[in-house]
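Counting from 1, the numbers follow the sequence of the chain as shown.
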Amino acid sequence: MDVPGGIIAPPEILNYAGGWGRELCPEETWKKRIGLDKYPLLNFGFQIAQPDELRHAMATGKPYKIHATWLQQNNVLSCMGADPTEQYIGLMNCDFNVSVDLFMTPTIMATSDVVLPAATFTERDGIRVGDGCQRGEVINKVCQVGECKSDMEINLLVGKRFNPEAWPWDNVDDMFSAMLTAQTPFTFEELREKHPVYLPFSYRRYETGRLRADGQPGFNTPTGRIELWSTFYNNAGMDPLPYFEEPIPGPGSTPELLDEYPLVLTTGARPWSLFHSEHRQVQRMRNLKKECNVYLNQQTADTYGLSNGEWVWVENLYGRCKAQVEITNLYQDPRVIACDHAWWHPEGDPEKLYDSHDLNVNNLLPGIPGKSGFGSNYKTTLVKLYKVTPGDDTNGPFQRDGYVGQALTDRVAEAIAKTKKN
């Protein structure tokens, strides 16, 4: 740590972890963040609600109704969120939904009341201070297309309407300068003239107190040591040592499901030409990866009578998704298959949400986090495979009536309790 060839904590030009503005949030509002009662870790430095509990609250109205959403560059129905049916129900239960994005996505088509067109990086000014040893850079606007605005300008204009005192700047450049001058000697224009800017750096800063706010030797932890026993977790009432939680559902936690769902699915396989749900409408990138694939080895393909290019349903007790078979030697265990995530067809029918609901592997993921409230079982859930047949080639639209997502979650919880008891 902090030695040549080792792990370093880069010097920060701008400390932006967690964003800004916490001091402007009233304490009574701060305490209403959903999930604090179940996941106490959120009380320690996190500025978010617990995402899975928030999804439940949007769908059920408990502990209180969520009235509006602001989705900024967020294609939640196609991409990151577990249980997209519950997410859809939650969004439709809101009185008002706004999306800010570069393209019309399935999420926008299904749920948004207002859409604001965002600028690409060539159409906006910006600052960049991340990536390894931090360097200060600017993004310089070179063109303007239509009436689109940068995310930063949109936020500033809306923020000034909600709370002018919290957003006192006349323009984005002034806002950037205020952020920079609070922690650096540069205004936005000065950084534009001087970039890239690197802070002075040296090794073994722990010996001289330069890693700690109190100037004492050591690392930036409560004890000053590299902690294997986490005082942070202990203060949150959690196990201070690394621990393992059996994935739910999974071959270890719900073995009684293996007869019906004998395969173990891992998700999130990422081709280099795509990023989450982006780039499907960029022809050059799409040519490199044309369809959503499920990956299985030859033995598994033989067992199910499958060949390359065939379409199959991947299904479990939560739902199903459609994928095209790709036989590979990457997965040696015949029980293990993998599936791409975040797929939709921009060329498809917008009334069918660009086939997003058919292709979304998140239909199979319940969003049950570990006891910390972070992370869900996206890697070892149980599934079965069968071929797509004529007349059964679509999931159809999201169904509000008879929604059973929470009931299935309860069913899995009961199965786990029974397994542990036995």
Is there a side-chain contact between [X] and [Y] (heavy atoms, below 4.5 Å)?
X      : Y      : value
Glu123 : Thr120 : yes
Trp169 : Met179 : no
Tyr233 : Leu41  : yes
Gln281 : Glu347 : no
Leu288 : Trp272 : yes
Arg161 : Trp167 : no
Asn97  : Leu71  : no
Ile139 : Arg124 : yes

Can you tell me if [X] uses its side chain to pair, donor with acceptor, with the backbone of [Y] under 3.5 Å?
X      : Y      : value
Asp125 : Asp173 : no
Ser372 : Phe374 : yes
Asp358 : Asp355 : no
Asn362 : Pro84  : no
Glu245 : Lys371 : yes
Ser253 : Pro247 : yes

Q: Please test Val294 against Trp313 for side-chain contact (heavy atoms from CB on, under 4.5 Å), starting from the C-alpha separation and ending with a verdict.
A: CA-CA 10 Å; Val294 57; Trp313 289 109; over 6 Å; no

Closest non-hydrogen atom pair, [X] against [Y]:
X      : Y      : result
Asn363 : Asn395 : ND2-ND2, 3.7 Å
Leu77  : Thr107 : N-OG1, 2.9 Å
Tyr331 : Thr328 : CD1-CG2, 3.9 Å
Val3   : Ile8   : O-CG2, 4.5 Å

Q) Which of parallel (below 30°), tilted (30 to 60°) and perpendicular (above 60°) describes Phe232 and Phe44? A)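 Because their plane-to-plane angle is over 60°, the rings of Phe232 and Phe44 count as perpendicular.
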
Q | Test side-chain contact (heavy atoms from CB on, under 4.5 Å) applied to Lys289 and Trp343, step by step | A | CA-CA 11 Å; Lys289 174 69 172 173; Trp343 263 92; 3.7 Å; yes

(Q) Before you tell me yes or no, could you show the steps for Phe219 and Glu227 under side-chain contact (heavy atoms from CB on, under 4.5 Å), namely the whole-Å CA-CA distance, both residues' side-chain angles and the distance that decides it to 0.1 Å? (A) CA-CA 9 Å; Phe219 294 90; Glu227 295 187 357; over 6 Å; no

Q.
Pair Lys149, Leu157 - check side-chain contact (heavy atoms from CB on, under 4.5 Å), show working.
A. CA-CA 10 Å; Lys149 299 182 185 299; Leu157 292 172; 3.9 Å; yes

Modelled atom types, side-chain donor and acceptor of [X] and [Y], under 3.5 Å:
X      : Y      : result
Asn220 : Tyr206 : no
Gln50  : Asp52  : yes
Asp83  : Gln87  : no

**Q.** Partner set under ring-ring contact (aromatic ring centres under 6.0 Å, His included) for Phe188, not counting sequence neighbours
**A.**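 ring-ring contact (aromatic ring centres under 6.0 Å, His included) check on Phe188 returns Phe176.
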
Q | Salt bridge Arg22-Glu27, side-chain N to carboxylate O under 4.0 Å | A |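 Yes, this pair counts.
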
